[in-house]
Amino acid sequence: MAQLTPQSLEISSDALESSTSANAETIIGLLRKEIDTSNYDYYVLDDPKIPDIDYDMLFRALEAWENKFPQFKDSHSPTQRVGGERLSEFAPARHSRPMLSISNAFEDEEAGEFDAACRKKMGFLEGEELEYCVEPKFDGLAISLTYEHGLFTRAATRGDGEVGEDVTANVRTIKAIPMDLRGALGNPLPARLEVRGEILMHRKDFARLNERQRAAGEKEFANCRNAAAGSLRQLDPRITATRPLRFYAYALGECVGTPIHQSHMEALEWLKGIGFASSGLATVQKGLGGVLAARKVIGDQRATLPFDIDGVVYKVNAYNAQEKLGFISRAPVWARAHKFPPEEVATLLEGWAVQIGRTGVATPVAKVKTVFVGGVNVSSITLHNFDEVAKKDVRIGDTVIVRRAGDVIPELARVIFERRPEGAQPIMMPSQCPVCGSAIVKIEGEAAARCTGGRICGAQKTQAVEHFASRRMMDIDALGGETVNLLFEHNVIADSSDLYALDVEKLRALPRFGEVSVQRLLRNVEASKGRDLRRFIFALGIPNVGESTAKSLAKTFGSIEALMQASEQDFQRVNDIGPVGAKSLAAFVSDPDNIAFIQRFIDRGARPTDAAMTPVSATPALGKTFVITGTLPSLSRDDAKAMVEAAGGKVSGSVSKKTDWVLAGAEAGTKLTKAQDLGVPILDEAAFLALLSAPVASDEEQSVETDSELPPEPENATPVASGELVGQGDLFGAPDAIPAQPAPKSRPRM
DNA sequence: TTACCTCGAGCTCA
DNA sequence: CTCGAGGTAA
């Protein structure tokens, strides 16, 4: 391939005048390739080969050619890396495979336990050793990149692991990330390839950025990670484009039609080969001795690496072994992050306070002289409980060692007793609640001390409302702690049921609460009226009633009225509810205050309904059997399953003659083929939603999500495969659907 | 727990 | 323009 030198560029710029589109395409291709290579040298290899001035010349030449021949413009061209239109928000992006987190180890013993557990599950004998890949644990932000037919199509943050945020526009500006893998991948191109890795900032680049920020009078960033996170979260990609972000790939996610690798290390090598940056630090090791040695090698280089790391990651190298080891509760059994010991800093314990939680638990919090540790300023540290305080013998005026353990939470490691001043006062459990004055008692055998004030305690009252409004409960957007306090202080509300009887004039009279805030609150409260029963029960904050209990209760009783009528025996009989839960429920429903409280909700129009108990006779799905296969564009399988069950249908695992419908998403497998063979009707997500949109909007939230994901014209929805296209119900006009907010967001599921 | 981005509110100054 | 709230990330 001819090298495109500045000299040949001159020729090409002469040629620009007289060129035809035939050779224009060739020249544009050469220019793009040259610029991509130069970006690769600079941002991936960290080894620039041409001077900046030549790079600029190439870049301007490409722009000129693309402008003259706009038919060859391409979103994957390097000229598109300058950042596009400003976004108004980041769209939700569902991961086709969940982005799991890796469990942590802090001590060498835990690494040993990890190795022992893996060997045991593999059935290894004494002396037999597993092979691990040891690599650095980058201190940045996890990101998932999707390539379709070699072209970059999407970048998503981790989010809750299921649904992240779509940051494609920002990631397009990161020159360390290739936009076009077609040259590197060879044929046949994988239909879809997901690359996972970490976006971070090099220390040098971070220092330079902060210099720039300082010069411009802007705020400096606290550390590399925050600078990278802040840069990626910009709604304006043009700002992101000016930030020196890098990317290191560390795993493959979904792969369709790509070369099959046998091991993690092979995959890493392959990623390096197709244009992704590699730390060069990953090695394959045998057994515990090997991984610990490799960790030391990486740890010794830590200070001189170009980027921050906070530990190493061990992964069982062979894919077949990984498969055998599998997962336990959303974390792979075959991987472990082994963190470096956290930085420890001494500071002065200047005072302390008691925090009263939603359930009255009194938590001591140490107030220390602010110290910079682990990349942030720490000034307040939870002491967990008074037993802990006594055990560590923490006193006011002590010099204490602070560290950021685990992921984020600052921890008081120990007291330096030698530095204790005379007469330092111990931290004692208060006998009275600082908020309401009620007695604080500690139940023998329990760690927690509790305020007995209950409903009269201001702290518990406000936090109960906060809890009620939170994302996982009634999801009343933009109603956070401070707003709740404001509402209490001005007597706008006395409990959460008052949210459904808000006095607009009182709201308008609140300080720092303009018309926009008033309308937003009213709208969000209104939208929460129809949350399903399970969330409502959970949101009430009944002691010992968590998410799963609330779910069972909703399923069993079907309405809040029925639940309030139930006896302790009734509760006992509910699946998964034991004597403790039943007692606490019985106490709740027999309390006249609670009965009145619930009645107010009902009177004020809250209508929590459980999808499973909604009359479903009108739904065509009633009593039908569905099979779900492949990845759906916006719903997870669990969502789809829940919706089917809500509509009175069943979900089964395999296709047979008894199957009524197959719901198929992307990369559907043999189930789809079988459905076609048997002539079972096949639905895509849009058709499925249409089918299920019965006269009753069973779940307001789902209809909001639907609005944001579906094309505006349901009749344009195309089935993914041949088969009968079924059901074109009214998706949008459900009678009591809440008007969609201007910018609906989908939420992580409960 | 802290840091960061974004937005609304409410201020100053033109 | 500054402040502070809410949301998100680790």
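By convention in this document, chain letters (A, B, ...) are assigned in the order of the sequence lines, proteins followed by strands, and residues within each chain are numbered from 1. Any value given below was found using the heavy atoms of this structure, including those in side chains, with hydrogens, waters and symmetry copies removed.
Near-neighbour residues of DNA chain B inside residues 226-237 of chain A, defined by a heavy atom below 4.0 Å, number-ordered: A/Asn226, A/Gly230, A/Arg233, A/Gln234, A/Leu235. Contacts between residues 378-394 of chain A and DNA chain B, defined by a heavy-atom separation below 4.0 Å, involve A/Val378, A/Ser379, A/Ser380, listed by number.
Rounded to whole Å, the distance from CZ on A/Arg404 to C1' on C/dA10 is 8 Å. The distance between atom CG of A/Asp166 and atom C1' of C/dT8, rounded to the nearest whole Å, is 16 Å. Rounded to an integer number of Å, the gap from CG of A/Asp477 to P of C/dA5 is 17 Å. For A/Phe138 and C/dA10, the CZ to P distance is 15 Å, given to the nearest whole Å. Rounded to an integer number of Å, the gap from A/Glu89 CD to C/dG7 C1' is 13 Å. Put simply, CD1 on A/Ile476 is 11 Å from P on C/dG7, counting in whole angstrom units. For the pair A/Arg472 CZ and C/dG7 P, the computed distance is 15 Å after rounding to whole Å. A/Glu482 has its CD atom 12 Å from the P atom of C/dG7, to the nearest Å.
A/Ala282 meets the side-chain contact (heavy atoms from CB on, under 4.5 Å) test with A/Cys133, A/Glu135, A/Met265, A/Leu268; sequence neighbours excluded. Not a single salt bridge (charged side-chain N to carboxylate O under 4.0 Å, His left out) links A/Arg212 to another residue, sequence neighbours left out. By the side-chain hydrogen bond (donor to acceptor under 3.5 Å, both in side chains) test, A/Arg302 pairs with no residue at all, sequence neighbours left out. Partners of A/Ser103 by side-chain hydrogen bond (donor to acceptor under 3.5 Å, both in side chains), not counting sequence neighbours, listed by chain and number: A/Arg336.
Side chain to side chain, A/Ser279 and A/Tyr250 fail the donor-acceptor criterion of an N or O pair below 3.5 Å. Between the side chains of A/Ser96 and A/Glu254, at least one donor-acceptor pair of N or O atoms lies under 3.5 Å.
Think of the region where chain A sits on DNA chain B: with heavy atoms and a 4.0 Å cut, that region ends 5' and 3' at B/dT1 to B/dG10.
Taking the centre of each ring, A/Phe138 and A/Phe307 come in below the 6.0 Å mark.
Among the protein residues, A/Gly375 comes within range of no part of the nucleic acid, since none of its heavy atoms lies under 4.0 Å from any strand. Among the atoms of the strands shown, only primed sugar atoms or phosphate atoms (P, OP1, OP2) are found under 4.0 Å from some heavy atom of A/Asn377. Residue contacts for A/Gln519: at a heavy-atom cut-off of 4.0 Å it reaches no nucleic acid atom on any strand shown.
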If you look only at distance, which donor and acceptor atoms sit under 3.5 Å apart when one is on a side chain in residues 481-490 of chain A and the other is two or more places apart or in another chain?
unit_1   : atom_1 : unit_2   : atom_2 : d
A/His490 : ND1    : A/Leu486 : O      : 3.1

Acceptor/donor pairs from residues 386-398 of chain A side chains to any protein atom, 3.5 angstrom cut, sequence neighbours excluded:
unit_1   : atom_1 : unit_2   : atom_2 : d
A/Glu388 : OE2    : A/Lys392 : NZ     : 3.3
A/Lys392 : NZ     : A/Leu412 : O      : 2.9
A/Asp393 : OD1    : A/Arg395 : NE     : 3.1
A/Asp393 : OD1    : A/Arg395 : NH2    : 3.4
A/Asp393 : OD2    : A/Arg420 : NH1    : 3.2
A/Asp398 : OD1    : A/Arg420 : NE     : 2.9
A/Asp398 : OD2    : A/Arg395 : N      : 2.7
A/Asp398 : OD2    : A/Arg420 : NH2    : 2.9

Please list every donor-acceptor pair under 3.5 Å in which a side-chain atom of residues 363-370 of chain A meets a protein atom from a residue at least two apart or in another chain.
none

Residues 218-225 of chain A side chain polar contacts: donor-acceptor under 3.5 Å, at least two apart:
unit_1   : atom_1 : unit_2   : atom_2 : d
A/Glu220 : OE2    : A/Arg214 : NE     : 2.9
A/Asn223 : OD1    : A/Arg225 : N      : 3.2
A/Asn223 : OD1    : A/Asn226 : N      : 2.7
A/Asn223 : ND2    : A/Gly375 : O      : 2.9

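Residue pairs meeting the salt bridge (Lys or Arg N to Asp or Glu O under 4.0 Å) criterion with at least one partner in residues 503-513 of chain A, sequence neighbours excluded, are A/Glu505-A/Arg508, A/Arg508-A/Glu515.
Comparing A/Phe221 and A/Gly514 along DNA chain B, the residue whose closest nucleotide (by nearest heavy atom) sits nearer the 5' end is A/Phe221.
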